[in-house]
> 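Attaching a single structure in structure tokens format; questions to follow.
As a basis for the values below, the full set of heavy atoms in this structure was taken, side chains included, without hydrogen atoms, waters or symmetry mates.
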Amino acid sequence: LEQPNNGQTRPPTVFVIFGAQGDLTKRKLIPALYNLATSHHLPQEFAILGVDVISMNTEDFRVTINRDIQELSTRPIDPTIKEWLLDRLYYLSGDFLDPRTYARLKELLADINQTHGTQGNYLYYMATAPTFFTEIVQQLGVQGLVENREDYSRRIVIEKPFGHDLSSARVLNQSLCEVLDERQIFRIDHY
């Protein structure tokens, strides 16, 4: 897939979606990633890793995402771009509360990083229920998967709701900042 530069920097990245089988991923994230690929705003060194509790493998995930792209695309599908994106999709089945999930995640990320030349840059997207945010971040920290270094970047995107009131938002923020630097945390609202 030819990517024009246009003077923009698109760092190599593995985009990790926790909650990859949810409605947010299907209706918002995958269409957005497809549109970014169509407009040449994704780096050539790019991959997507879906993580969820639903038991499936990478090939099943690719079939599911292919169907979702066909169903939800707002524009005609470019088969070359669709295949480019599907070839970069991976899946890890595991319980968000099980430390073994994160050990397997670490191994799979190393393989994907090597295969796609993503230079250790990981962007974690929390498309899960808010009750899992703290546990996921803590487990990523235990595995050394959120350390920023000079030669790579690790960041986390958390969508609203960020807590259910001011007090719970402060507790959540404090627990995240025990593992992450504030500059690694992106809080967004997709609406």
> So, for A47 and H116, which heavy atoms are closest and what is the spacing to 0.1 Å?
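Of all heavy-atom pairs spanning A47 and H116, the closest is CB-CD2, 3.8 Å.
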
> Test your reading of the model: is there a side-chain donor-acceptor pair from S153 to the backbone of Y122, 3.5 Å cut-off?
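Side chain of S153 to backbone of Y122, a donor-acceptor pair under 3.5 Å: no, none is there.
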
> Return the CD to CG distance between Q143 and L109, rounded to the nearest 0.5 Å.
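Q143 atom CD to L109 atom CG measures 10.5 Å (nearest 0.5 Å).
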
> Just wondering, are more than 12 heavy atoms of other shown residues or ligands nearer than 6.0 Å to CZ in R155?
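Atom CZ in R155 is not crowded, with 12 or fewer foreign heavy atoms closer than 6.0 Å.
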
> Between L86 and I65, is any pair of side-chain heavy atoms under 4.5 Å apart?
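Yes, their side chains come closer than 4.5 Å.
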
> For the CG atom of L92 and the CG atom of N57, what is their distance to the nearest 0.5 Å?
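The CG atom of L92 sits 11.5 Å away from the CG atom of N57.
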
> Start with the C-alpha gap between Q119 and D151, add the side-chain angles, then the distance that decides, and say whether side-chain contact (heavy atoms from CB on, under 4.5 Å) holds.
CA-CA 8 Å; Q119 302 175 14; D151 54 339; over 6 Å; no

> Which atom pair, heavy atoms only, marks the closest approach of G22 to D52?
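For G22 and D52, the tightest heavy-atom pair comes out as N-OD2, 4.0 Å.
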
> With distance as the sole test, does T64 use its side chain to make a donor-acceptor pair with the main-chain N or O of D60 at under 3.5 Å?
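Yes, because the side chain of T64 sits within donor-acceptor range (under 3.5 Å) of the backbone of D60.
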
> Show the nearest heavy-atom pair for residues S175 and T134, with the distance to one decimal.
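Shortest heavy-atom contact: OG-OG1, 3.0 Å.
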
> Consider only side-chain heavy atoms of I, L, V, M, F, W and Y, link residues closer than 4.5 Å, and tell whether L24 and F186 are in one cluster.
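Same cluster.
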
> For T115 and Y90, run side-chain contact (heavy atoms from CB on, under 4.5 Å): C-alpha distance rounded to whole Å, both residues' side-chain angles, the deciding distance at 0.1 Å, then the answer.
CA-CA 12 Å; T115 300; Y90 298 86; 4.1 Å; yes

> Test L42 against every option in I81, T13, L36 by the side chain to side chain contact (heavy atoms under 4.5 Å, CB included) rule and name the one that passes.
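With L42 as partner, side chain to side chain contact (heavy atoms under 4.5 Å, CB included) holds for just one option, L36.
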
> Heavy atoms, side chains only, cut-off 4.5 Å: are L49 and I17 in contact?
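Counting from C-beta outward, L49 and I17 never come under 4.5 Å.
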
> Less than 4.0 Å between a side-chain N and a carboxylate O, is that true for E182 and R187?
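Salt bridge present between R187 and E182.
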
> Just by distance, do the side chain of Y124 and the backbone of L145 share a donor-acceptor pair under 3.5 Å?
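It does hold such a pair.
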
> If I compare all heavy atoms of P12 with all of G117, which pair ends up nearest, and what's the gap?
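Of all heavy-atom pairs spanning P12 and G117, the closest is CB-O, 3.6 Å.
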
> Measure the CG-CD1 distance between L180 and I185 for me, rounded to the nearest 0.5 Å.
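Answer for the CG-CD1 pair, L180 versus I185, is 5.0 Å.
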
> S93 side chain to I54 main-chain N or O, any donor-acceptor pair under 3.5 Å?
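Side chain of S93 to backbone of I54, a donor-acceptor pair under 3.5 Å: yes, one is there.
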
> What are the two closest non-hydrogen atoms of T101 and D95, and how far apart are they?
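Result for this residue pair: OG1-O, 2.9 Å.
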
> When the ring planes of F46 and W84 are compared, do they come out parallel, tilted or perpendicular, using 30° and 60° as the limits?
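Aromatic pair F46/W84 classed parallel.
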
> Take a 6.0 Å sphere around CD of Q114 and say whether it holds more than 12 heavy atoms from other residues, nucleotides or ligands.
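Counting neighbours around CD of Q114, 12 or fewer heavy atoms of other residues, nucleotides or ligands fall under 6.0 Å, so no.
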
> Would a single hydrophobic cluster contain both L33 and L72, if residues Ile, Leu, Val, Met, Phe, Trp and Tyr are joined by side-chain heavy-atom contacts under 4.5 Å?
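Different clusters.
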
> For a side chain to side chain contact (heavy atoms under 4.5 Å, CB included) with Q184, tell me which candidate from I156, L123, N148 qualifies.
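With Q184 as partner, I156, L123, N148 yield a single side chain to side chain contact (heavy atoms under 4.5 Å, CB included), made by N148.
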
> Is there a side-chain contact (heavy atoms from CB on, under 4.5 Å) between I48 and R88 once you walk through the steps?
CA-CA 6 Å; I48 302 166; R88 286 163 170 72; 5.6 Å; no

> Tell me whether the guanidinium CZ or amine NZ of R62 lies under 6.0 angstrom from the six-membered ring centre of Y91 and within 45° of its axis.
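The answer is no; the distance or angle limit is not met.
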
> Please step through side-chain contact (heavy atoms from CB on, under 4.5 Å) for the pair N121 and E45, ending with a clear verdict.
CA-CA 10 Å; N121 297 313; E45 303 81 10; over 6 Å; no

> Mind checking whether F133 and L97 sit in one hydrophobic cluster, side chains of I, L, V, M, F, W, Y counted as touching below 4.5 Å?
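They do share one cluster, since a chain of ILVMFWY contacts under 4.5 Å joins F133 to L97.
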
> Calculate, to the nearest 0.5 Å, the distance between atoms CG and CZ belonging to L105 and R100 respectively.
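L105 atom CG to R100 atom CZ measures 14.5 Å (nearest 0.5 Å).
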
> Are I188 and I158 close enough that some pair of their side-chain heavy atoms sits under 4.5 Å apart?
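Contact flag for I188/I158 side chains = no.
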
> Would you kindly say whether T118 and N113 are connected by a side-chain donor-acceptor distance under 3.5 Å?
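Yes, side-chain donor-acceptor contact under 3.5 Å.
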
> Measure the CD-OG1 distance between E135 and T128 for me, rounded to the nearest 0.5 Å.
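Here the interatomic distance stands at 11.0 Å.
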
> In this structure, would I77 and L89 fall into the same cluster of hydrophobic residues linked by side-chain contacts under 4.5 Å?
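Both belong to a single hydrophobic cluster.
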
> Could you tell me which non-hydrogen atom of A20 sits nearest to which non-hydrogen atom of G50, and how far apart they are?
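Minimum heavy-atom contact is CB-CA, 3.4 Å.
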
> Is the shortest heavy-atom distance from the side chain of L140 to the side chain of Y102 under 4.5 Å?
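Touching, per the 4.5 Å side-chain cut-off.
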
> Please determine, by modelled atom types, if D165 and S168 share a side-chain donor-acceptor pair under 3.5 angstrom.
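Looking only at side-chain atoms, S168 and D165 do form a donor-acceptor pair, the distance falling under 3.5 Å.
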
> Is the NZ or CZ atom of R154 both under 6.0 Å from the centre of the six-membered ring of Y152 and within 45° of that ring's axis?
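Flagged: R154 positioned over aromatic ring of Y152.
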
> Measure the CD-CZ distance between Q174 and R170 for me, rounded to the nearest 0.5 Å.
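Output value for this atom pair is 11.0 Å.
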
